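To start, the structure under review is shown below, and the notes come after it.
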Amino acid sequence: MLELDGVHAFYGNSHVLHGVSLQVAKGEVVSLLGRNGAGKTTTVLTIMGYLAAAPGRVVYDGRDLKGLAPHVLARRGFGFVPQERGIFPSLTVEENLTVAARRGSGRWTLPLAYELFPRLQERRGNLGFQLSGGEQQMLAIARALMLNPTLVLLDEPSEGLAPIVVQEIVQVLRKLKHEGLAVLLVEQNLRVALDLADRHYVMSKGQVCYTGTSAELERNEAVLEEYLSV
Ligand code: ADP
């Protein structure tokens, strides 16, 4: 479904990704792990078309995505939940959701988004900036779903959130996984990644240095210690 093959990325002259290859199959939940600065966010930004084309292939359902703009990728079925969440601070919760909604027939509707996140319904008249961190994260996820994606890229959804809120979000992501949504999950929280993902890619210095299932990763103390500071 999604395949990266030898992808490089640059910020100006700074060469950050050095040949990243990974795959996410239909309905699969895959995590991208690694220490700060390993290149996880850059990988996601490159997939989403925010970074200019550099050597390497990004292919989705057999089509080359290189050079496509983020809004075109959204139309092709990519939902993106950026690290900074990217919600509109001066719009209400409901406006944030309806602005994102794709016209025409799609599974995701406002009532369904509120069913998934009852808290958002309670807060539907509040402005984006009035929400707590957890509510903002819920809104960012709900907003991505309103585009009826087949694959969602989540950049550190648990970051900065209280454990109880993280659990709420994990439960929602688990539900989406059972419904067959494919997810590429960037995480610092190993427990969350092991809980949700089927397979994991560990990055270091702009490259994938390990890949394995949850069972394999949990047993691999060398990788956990060296690349994930566990
Ligand atoms: P991670 O998501 O794993 O923490 P990033 O992809 O954010 O890592 O960063 C990878 C590397 O790219 C780091 O060395 C970081 O300093 C560098 N980097 C990130 N953003 C920029 C930027 N806008 N300009 C220059 N370098 C950047």
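Both ligands and their constituent atoms are indexed starting at 1 by order of listing. Please read all numbers here as calculations on a predicted model, not as lab measurements.
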- request: Considering non-hydrogen atoms only, spot the tightest contact between Leu217 and Leu33 and give its length.
  value: CD2-CD1, 3.6 Å
Nearest heavy atoms of Gln130 and Asn126, plus distance in Å: OE1-ND2, 3.3 Å
Ligand 1 contact by Gly39, heavy-atom criterion under 4.0 angstrom: yes
query: Is any heavy atom of the protein nearer than 4.0 Å to atom 5 (P) of ligand 1?
result: yes
field: Proximity of Phe88 and Phe129 rings by center, below 6.0 Å
entry: no
- prompt: How about Tyr11 and Thr42: does a side-chain donor come under 3.5 Å of a side-chain acceptor?
  reply: yes
- request: Could you pull out, from Leu17, Thr46, Thr41, Asp155, the option with a heavy atom nearest to atom 7 (O) of ligand 1?
  value: Thr41
query: What part of Arg35, side chain from CB on, backbone N/CA/C/O, both or neither, has a heavy atom under 4.0 Å from ligand 1?
result: backbone
query: Closest non-hydrogen protein atom to atom 10 (C) of ligand 1, residue and atom name please, with distance?
result: Gly37 O, 3.4 Å
task: Please indicate whether Arg57 has more than 12 foreign heavy atoms, meaning atoms of other residues, nucleotides or ligands, lying under 6.0 Å from its CZ.
output: no
query: If every non-hydrogen atom of Ser214 is compared with every non-hydrogen atom of His200, which pair is closest and at what distance?
result: OG-NE2, 2.8 Å
Nearest atoms (heavy-atom pairs only) where Tyr201 meets Ser21: CE2-O, 4.1 Å
message: To check your reading of the model: name the closest protein heavy atom to atom 25 (C) of ligand 1, its residue, and the distance in Å.
response: Tyr11 CB, 3.4 Å
Test of proximity, Gln188 against ligand 1: N or O pairs below 3.5 Å: no
message: Applying a heavy-atom cut-off of 4.0 Å, say which part of Val16 lies close to ligand 1: side chain, backbone, both or neither.
response: side chain
task: Starting from atom 3 (O) of ligand 1, locate the nearest protein heavy atom and write down its residue, its atom name and how far away it is, to 0.1 Å.
output: Lys40 NZ, 2.7 Å
task: Output the list of atoms in ligand 1 that are nearer than 4.0 Å to some heavy atom of Asn36, sorted by atom number.
output: 4 (O)
field: Any non-hydrogen protein atom less than 4.0 Å away from atom 22 (C) of ligand 1
entry: yes
- prompt: Which of the atoms in ligand 1, numbered in the order shown and given with their element, are less than 4.0 Å from a heavy-atom of Thr42?
  reply: 5 (P), 6 (O), 9 (O), 10 (C)
